[in-house]
Structures are given as structure tokens and as C-alpha cells.
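Some notes on the structure that comes next.
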There are 2 protein chains.
Amino acid sequence: MVTIGDVASAAGVSRSTASYALSGKRTISPEVRLKVLQAVESLGYTPNAGARALATSQTRVLALLGRFLSDEFAPAMLQYILGVSNRARELGYDTLLVSEDDGAAALKRISDSRMVDGFVLLNVAERDTRLPVLRAAPQPGALVGLPGEPDGLDVFDLDFDATGSFMIDTLHGLGHREIVLVSQPEHVVERGGAYVWRLADGARRRADELGVSLHTYFGSSSQPAIGADLHRILDTHPTATGLLLNNEAAAAALPSVLAARGMTAPDDLSVIGRYSDDFARTFSLPFSAVDSAADELGRRAVEQLVQRIENRADDAPAHLELIAPVLHDRGSIAAPRP
Amino acid sequence: MVTIGDVASAAGVSRSTASYALSGKRTISPEVRLKVLQAVESLGYTPNAGARALATSQTRVLALLGRFLSDEFAPAMLQYILGVSNRARELGYDTLLVSEDDGAAALKRISDSRMVDGFVLLNVAERDTRLPVLRAAPQPGALVGLPGEPDGLDVFDLDFDATGSFMIDTLHGLGHREIVLVSQPEHVVERGGAYVWRLADGARRRADELGVSLHTYFGSSSQPAIGADLHRILDTHPTATGLLLNNEAAAAALPSVLAARGMTAPDDLSVIGRYSDDFARTFSLPFSAVDSAADELGRRAVEQLVQRIENRADDAPAHLELIAPVLHDRGSIAAPRP
DNA sequence: CTGAAAGCGCTTACAG
DNA sequence: CTGAAAGCGCTTACAG
């Protein structure tokens, strides 16, 4: 392989001069600089990443720690991953994808071996076992998903509480007074998926304030169970005029459920979901929905993380950013039929 | 950070002895070995990855190069990624996820900087611009997806030709004589998605042999266009009794299309798709389908790649593995109505 | 069975 | 404005 020594020889300078000419960390005469650049070009020199990391203690790599649970909705995950990976690259970093089941152990291993400059944690749980390890690590981290104790950590998430409240507000404003909310399955909550109850709590609070009758349910996360769930729930509440979905599988199943019941949205039922725009497009979901903003959350987390990595001044206060809900109106909400 | 020097001091031995005690590359007395191990344990020593890479020219990292095209069907991609990442980890490797648009440039950059020991290329196109770069690279690679010129490269893919032939065979055996095939959109083919015409060719050949009338179409890759496509196609061929889908979006759209037409499978139409089991489960697709085996292809590619990395004997012949089609019967095929 | 030393390819104080 | 040298933390011939 071609090293900086080869470049230096070809340019007729010392290795340190070649190095400085490339890094620009000290002034170099234009002629020397040009010769070095030409040598780099003709030899096709690229610095050895391991050697550079050893010398500088910087790897220009970020670790992305996902939690890929077989009973969760997989397709949504890719948006976060690509948001992180693409933004990292734009900022000059590569991404190490870590999919191990034991995220805490993986984080420790990768941190200790100094493979990366920082961590992005996806799908963060209420009491996430990765957090104590992250706090003890010398590298900074950014979370996508709000844990119970975010103290001192940079956190990015959709504001699920405001989302629940916003959904109720929106339907109430149209005249709805009886609404059903179908959430992710209970085991997601038990595993620490706090966003489920955060949205439900926000909805509950606002419903109480406005005198709206709200019925909340957990739904399955896969087919065909969720289809049956929806039928049962709609049977139970024949007078409800609004349906809120915090469950991608439910959203995917709803079109055929409605068709089977001879119902249409918004004529028979106003529907608001919570999923990504991309998801809606892929499956042609005709429901207005609060965008889960996966791509954007991933990107923001990376930006903040790189900020921390590159600013020695590590004393900046932790950044907690909850994105306000944005409704993508696809025409599935209207005033209830009189 | 704690280095092997610290371990050596704590154990009262030299750094080389500490290193050998850990690698096992030369015989060490049991007592010394124990002392080293205890020092490692109590100090919490983990080797510095950059230093090790520099010394050994091995990184224990694999690069995973995807092609994430906005107009392709995203959800299917994650299965390949996790197959690769999980299998890599099982074999002691981490995975660098590369999502840059210019895969050839990315491959060159990563290869030159010696960040990884090998490459897995996903979604390989007929004439893939990454291949010449890979062939010139010192690190080995494995492809998921069969290119036009696979010479010398390890390739893993579903046998799409056999899949097309198998689909026709299956329906013909049940008595079908007029069949429609809906493929991915034409632009996927133009971009090098050779699997589209490989399946179509296999189907065509077998249909001709068996005297089956086969109508082939490109369909859109997203909603709602593909729904309209399906309606138009079914309108055009009212006497067709079999439908083959090599297009995930079409499979996702078909349930509502059939419902809208008052049709059911297999009573009015026998249907065979080609998509992953996971995909079928998530969206409750009730169609028998040839499994696209994403997870397995990713895993096999990694196994072969690691084989190449770890066997100095680089002279093993290229490995071309086309997985035979396996039908997951979900009850959507039967004899046509008389 | 173990140690002292060289070397991997960089960067960066230290001198001039 | 430039060069010689030290050092990052490992591994592995070379000696004993």
C-alpha cells in the first residue's frame, strides 16, 4: 500500500511536511504544497485509517446501536438508519451498524476498543440498559427516543405527549366527542416503549379537559391478529366517530378492515395515524397521520453528536429536543355525520 | 485508557508475554497466563482496535454496501442488512454500513483507507459500477445479487430463472393455461435489476414449453399507481386464471384490488408472489409466495467472505450460489374453476 | 518458557 | 517555512 512516506519521497520532502501539507495545520509554501498534492494524486494515496486513529485518537466513525426486536414493526426502522448513516457521511463520518441483542455489552466492547468517536442509540427504552454504559463511556452519545432519566444526555424524539393531545384536539375541533385509540401491543410498553403511554397519556389528558370520551386499547403488532383486534374494537364502540392509531400494523390493516365493514374514512370514521410519510406512500395508506419523522430524528441526533465530538468544550448542556407533531392531511378526517 | 502495558505491569511480565498470553500464539506457563488474565479482568482491558489493525493489517470489520434507491421497495432491505450484520457478529466481525449514492467511490475510499477486511455488496446490478473497483481492491468481496459478469467473484442470489420456471410449472400442474406476470417497474430493469427479466425469462421459457399463454407486465413500485395497474391488467385479461407477482408493492396492493373487484384467491384467481416471509407476515399477505430468502442470502455471503478473509489460500475458485425457489404455501393456489 | 526491540503508518510537539 | 524524532498501542520475529 502507498504510505505518506511514499508521498514524501515522490514530492522530495519529509513525511512531516507531507502530512502538514495535507492537513493544512501549518503554513506550507505553495510550491511544496503543490508537489505533495501531485504526488498524492499520482500515487493514489489515502491515509491508513488505523494508523490515523492510533495517532489522533479519532476514528471518524460513529456507532449506530439499534434494537431490532422481532415482534416490532421492522420496515419503519430503515428510515432511522438511513437518516443517521447519510447525515454522518455528509459530516465526514462512517457508520458502524450494531445489531446485537445485548446492546449494553456491545456498547461497552466498542467503546473500550476505541472503534468509534461516538454513539447513536435508536429505539431507546424507558430504562435502557445501554444508558449506564454510555454515561460511563469516554465517547459522547445521542439518543433517538426519550428514556425515563435523560439527565445529561442529548435526546431526540417525537413529542408523543403533544401528539396525543394534538390528535384529540384535532378531532374535537371537528366535532367528535367519542374517540378510540389503538396503541402498540402491551409487551412493547413492558419492554420500555414509553412512547406508547406518552401518546396515550397526552390523549387522555386532553380528552378529559375537553370532555371527550376516549377508549384506549393495545393492538397486536402483526397480521392477522391486528385485523381481528380492530374488528372487535369497532364492534365494541359502534357510536365512536374517531379512530387514532399509534400502531403501524394497525394502520396497514385498517383499509381492509374498513372495506370488510363497508365503511369509509372520513364518512363513517375519522382516522388519524402516527407513522412516517414513507410508510404511508409505500402502502398507500389513505389516512391523515402525524409524521414520525424518523429520517429527521436520525439526522438531528447525528448533528448534535458530531457537535459534541468536535467541540472539546464538552460542557454544553444536554440537548433535549422533542419534535412537535405535524399532521400530513390525507383527507381521512372530517366532521362526524350528524 | 488501559493498555497492554498496564496489563503487563500488573501481571509482572513483559508486554510481549501479555500479548502472547492473550492470543495464545505461543506456549505460556499456566501461572503467567493466569496472572495476565486476572490483570485483564481487574483492569478491564480491551485491545485498542486501531493499534491492532495497524499491527496486524486486520480490522475485524466488514463493509456492507447497499444501494438504497428511493424508488425501490425499502422495507425488504432491512432483512438483508440484519442477516449480514448478525452473521458477521457471530463470526467476530463488526459491520460498517455504507449507504452513499456513489457506491464505487465509497468502496474505493474504504478499501484504500484499510478500514475493513472485506466487502458485502447488496442489490448488485447487471453492470454494477462497484465491481471493477472491488476486483482491483486487495480485500475480498461477496455479492448478493447476480451481475452480468460474475467471473471470479463470490455471488449469492435467489435463482430467479428457476423461480419463474417453477411458478409456471406449479400453476400449470394445477391446470392453469392462461397466466399473467406482473414484474417490477421497467426503470428497475434499466438500472440493472437483472432479476426482473431473469424471472420473466424463466417463466416465458417454461410457459412456451408447456403451451401456457403468458402475459407479462411491468408494474409500478409504489401506491396508488400499482393498484391502478393491477386493475387495468386484470381488466385486459378476464380469462386469465393465474397471477404471478415479482413486485412487492403489487403484492401489498392486491388484497384491496381483489376486494374491490369482488374476487378472492384462489377461487377466482390463483396467485403466487415472490417476497420474504417476514414481509408476508407484517402485511398479512394471504398469497403463496417464493421466499426471497433475504436473511439467508446475507448470512451466506458473510460466511463465504469470512472464509476468504481468513484463509490465506486465496486460490479457491469463485463461489456462485443460486438458491432454489421454495414455495411458502398460504393457500392462494388451486385448480382453476371449470 | 520469556523479554527487549522493531515496526505497522500516521501526527505533532520540538528544533532550527 | 521545513525536518528529525518521538509516540500512539499493538504484534511478532529475534534472542536467549
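To find a chain, count down the sequence lines: A is the first, B the second, and so on, and within it residues start at 1.
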Notebook entry, point to check: With a 4.0 Å cut-off, would you call A/R87 and A/E90 a salt bridge?
Noted result: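 Looking at A/R87 and A/E90, the cut-off is met.
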Check: Looking at B/R89 and A/D101, does any basic side-chain N land under 4.0 Å from a carboxylate oxygen?
Finding: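 No, this pair does not count.
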Next item on the list: Sort by first number and list every stem of DNA chain D: at least 3 consecutive Watson-Crick or G-U wobble pairs, both distances under 3.5 Å.
Entry: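 Runs of three or more consecutive pairs: C:1-3 with D:14-16, C:5-12 with D:5-12, C:14-16 with D:1-3.
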Item checked: Spacing of B/K35 atom NZ relative to C/dC1 atom P, expressed in whole Å ->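 B/K35 atom NZ is separated from C/dC1 atom P by 15 Å.
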Acceptor/donor pairs from residues 136-144 of chain A side chains to any protein atom, 3.5 angstrom cut, sequence neighbours excluded:
residue	atom	partner	partner atom	Å
A/Q139	OE1	A/S111	OG	2.7
A/Q139	NE2	A/S111	O	3.0

Next item on the list: Please list, chain by chain and in numerical order, all residues satisfying salt bridge (Lys or Arg N to Asp or Glu O under 4.0 Å) with A/D112, sequence neighbours excluded.
Entry: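 By the salt bridge (Lys or Arg N to Asp or Glu O under 4.0 Å) rule, A/D112 matches A/K108.
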Note to self: Within the 4.5 Å heavy-atom criterion, are B/Y195 and B/L146 side-chain neighbours or not?
What the structure shows: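 No; the side chains remain at least 4.5 Å from each other.
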Checklist line | Heavy-atom check, side chain of A/L122 versus side chain of A/L65, under 4.5 Å | finding: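 Counting from C-beta outward, A/L122 and A/L65 never come under 4.5 Å.
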Notebook entry, point to check: What is the per-nucleotide protein-contact pattern of nucleotides 9-16 of chain C, from the 5' end, where B denotes a base atom under 4.0 Å from a protein heavy atom, S denotes such proximity for sugar-phosphate atoms only, and - denotes neither?
Noted result: BBBBBB--
Margin query: Test: ring-ring contact (aromatic ring centres under 6.0 Å, His included). Region: residues 131-158 of chain A. Which pairs qualify, not counting sequence neighbours?
Written below: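 Residue pairs with at least one partner in residues 131-158 of chain A: A/F156-A/H319.
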Taking only distance into account, with no hydrogens and no angle test, what donor-acceptor pairs under 3.5 Å do side-chain atoms of residues 20-38 of chain B form with protein atoms, sequence neighbours excluded?
residue	atom	partner	partner atom	Å
B/S23	OG	B/S19	O	3.4
B/S23	OG	B/K25	N	3.2
B/S29	OG	B/V32	N	3.4

